Protein chains: 2
Amino acid sequence: MKLSTRGRYGLMAMYQLALEFSDEPISLKYIAEKQGLSENYLEQLFSNLKRDGLIQSVRGAQGGYILSRLPSDITVGEVLRSLEGTLAPADCVMHDFDCSKEENCVTKLVLVKIKNSIDSVVDSITLRDMVEETLNN
Amino acid sequence: MKLSTRGRYGLMAMYQLALEFSDEPISLKYIAEKQGLSENYLEQLFSNLKRDGLIQSVRGAQGGYILSRLPSDITVGEVLRSLEGTLAPADCVMHDFDCSKEENCVTKLVLVKIKNSIDSVVDSITLRDMVEETLNN
DNA sequence: TTGAAAGCCGACTGAAGTGGTTGGGATTAA
DNA sequence: TTAATCCCAACCACTTCAGTCGGCTTTCAA
């Protein structure tokens with residue numbers, strides 16, 4: 001029931017982008033150093049985030065990445081789902097899943113409750129919230 | 001962010017024990033058949049559940065397992081933690097973990113919120129709740 | 001104009017985790 | 001005494017994880 005490093009690292013990186021949000025792109029190298037992560041690995045994660053429209057890239061020297069939207073308009077849930085896939089605790093809780101033993105599966109009801117609870121938390125926190133939480137300390 | 005089969009299968013098995021709760025032990029073979037699970041695999045899971053005092057075993061022919069407490073007194077959280085370990089979405093959220101970058105880690109605040117949310121859901125559902133949910137359908 | 005800085009992309013890899021299986025005990029009711 | 005049952009440890013194939021590596025392409029700045 002662990003979040004993989006993809007989700008965690010990606011969130012740390014997105015937080016950094018939010019923290020230094022401006023019209024200037026920020027390089028992967030900088031983010032990796034700032035957060036103590038592998039630049040090459042982060043690259044893979046950013047490809048997901050870009051594909052899902054959460055960040056934009058600027059190629060060439062002095063290039064880097066920028067958030068596609070305001071930090072207040074990007075939720076932790078969007079970031080995690082982009083990197084981890086659905087946050088359902090089991091496949092049978094996903095929309096398009098056809099569970100053969102649909103009836104009689106009380107366990108599924110429990111799993112759905114867990115999923116909803118996770119969703120409601122991560123969708124209620126934005127990158128801006130995270131930034132503000134830093135500033136308050 | 002998935003629950004492994006350990007947690008899911010174990011919960012299904014415990015549900016079966018709750019459903020047929022009496023003073024007679026129920027054999028692993030029966031549970032495995034009833035829920036469509038591997039008997040040998042379930043065995044491993046039951047060793048955890050027994051170690052953690054959630055079930056008691058009766059050896060020998062006509063033996064099997066019984067819940068150690070009333071279904072209404074065993075929560076889904078206890079079952080899942082016995083099988084999966086802590087339900088924290090990352091190691092840094094566990095009690096005894098010493099995170100080197102303790103400060104400056106906003107991500108951890110988010111992870112803690114996720115953990116608390118999961119805990120409160122699974123600790124609020126008992127095996128009896130699951131049984132009742134079946135009977136209502 | 002040319003080199004360095006950056007993003008882009010696909011292949012590869014060692015280590016760990018998952019989801020079991022197998023075999024051989026020890027106990028006990030019938 | 002035998003079959004049913006729990007107990008235990010080892011093994012295994014497969015997948016996922018957490019990166020690394022090498023070689024592109026694009027673009028700014030000197």
Side-chain angles (χ1 to χ4, degrees), chain A residues 1-13 16-17 23-68 80 83-86 89-92, chain B residues 1-13 16-17 23-68 80 83-86 89-92:
Chain A
M1 198 57 181
K2 291 274 183 295
L3 217 53
S4 74
T5 54
R6 293 181 61 86
R8 283 190 291 126
Y9 293 1
L11 193 53
M12 292 164 74
Q16 192 66 40
L17 281 179
D23 50 353
E24 296 281 299
I26 302 178
S27 76
L28 256 190
K29 187 181 179 190
Y30 175 83
I31 298 175
E33 272 171 10
K34 215 56 171 155
Q35 294 285 338
L37 305 173
S38 150
E39 183 181 345
N40 288 310
Y41 188 41
L42 261 193
E43 207 175 280
Q44 293 177 30
L45 311 187
F46 273 53
S47 126
N48 276 40
L49 295 167
K50 188 185 173 193
R51 180 201 59 198
D52 292 336
L54 297 175
I55 55 177
Q56 285 172 346
S57 64
V58 179
R59 301 189 66 170
Q62 272 47 258
Y65 293 90
I66 315 191
L67 296 181
S68 293
L80 293 184
L83 295 163
E84 301 264 344
T86 175
D91 289 336
C92 75
Chain B
M1 198 58 181
K2 291 273 182 294
L3 217 52
S4 74
T5 53
R6 294 180 62 85
R8 282 188 292 125
Y9 292 2
L11 192 53
M12 291 164 74
Q16 192 68 40
L17 281 179
D23 50 353
E24 294 282 298
I26 302 178
S27 76
L28 255 189
K29 188 180 178 192
Y30 176 81
I31 298 175
E33 272 173 10
K34 215 52 172 160
Q35 293 286 339
L37 305 172
S38 151
E39 183 181 344
N40 289 309
Y41 188 42
L42 261 193
E43 206 175 279
Q44 292 177 32
L45 311 187
F46 273 54
S47 128
N48 276 39
L49 295 167
K50 188 186 173 190
R51 181 201 61 200
D52 292 337
L54 297 175
I55 55 177
Q56 285 174 345
S57 64
V58 179
R59 301 188 68 171
Q62 269 50 255
Y65 294 91
I66 314 193
L67 297 180
S68 292
L80 294 183
L83 295 163
E84 301 263 344
T86 175
D91 289 337
C92 74

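Quick caveat, the model's predicted, so the values are computed rather than measured.
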[atom2] on [Y] to [atom1] on [X], rounded to 0.5 Å:
X	Y	atom1	atom2	result
A:L3	B:K2	CG	NZ	11.0 Å
B:I31	B:F46	CD1	CZ	4.0 Å
A:L67	A:L17	CG	CG	5.0 Å
B:E84	B:L45	CD	CG	9.5 Å

* Structure fact -> In short, A:Q35 meets A:M12 closest at the heavy-atom pair OE1-CE, 3.4 Å

* How close do A:A13 and A:L42 get, heavy atom to heavy atom, and via which atoms? -> CB-CD2, 4.0 Å

Partners passing side chain to side chain contact (heavy atoms under 4.5 Å, CB included) against [X] (at least two apart in sequence or in another chain):
X	result
A:Q44	A:R6, A:Y41
A:I66	A:F21, A:P25
B:Q56	B:S68

* Heavy-atom contacts under 4.0 Å between residues 25-33 of chain A and DNA chain D, which residues? -> none

* Structure fact -> Within residues 48-56 of chain B, those residues having any heavy atom closer than 4.0 Å to DNA chain D are B:K50

* **Summary of protein contacts for nucleotides 17-30 of chain C, nucleotide by nucleotide, where a base hit scores B, a sugar-phosphate-only hit scores S (4.0 Å, heavy atoms)** => --BBBB--BBBBSS

* Within the side chain of A:E39, is there an N or O that forms a donor-acceptor pair under 3.5 Å with the backbone of A:L28? -> no

Roughly, in whole Å, what's the span from [atom1] in [X] to [atom2] in [N]?
X	N	atom1	atom2	result
A:L45	D:dG19	CG	P	10 Å
A:L42	D:dT20	CG	C1'	14 Å
B:E24	D:dT5	CD	C1'	15 Å

* To do: Report which part of the nucleic acid A:Y65 touches: base, sugar-phosphate, or nothing (heavy-atom distance under 4.0 Å, all strands).
  => sugar-phosphate

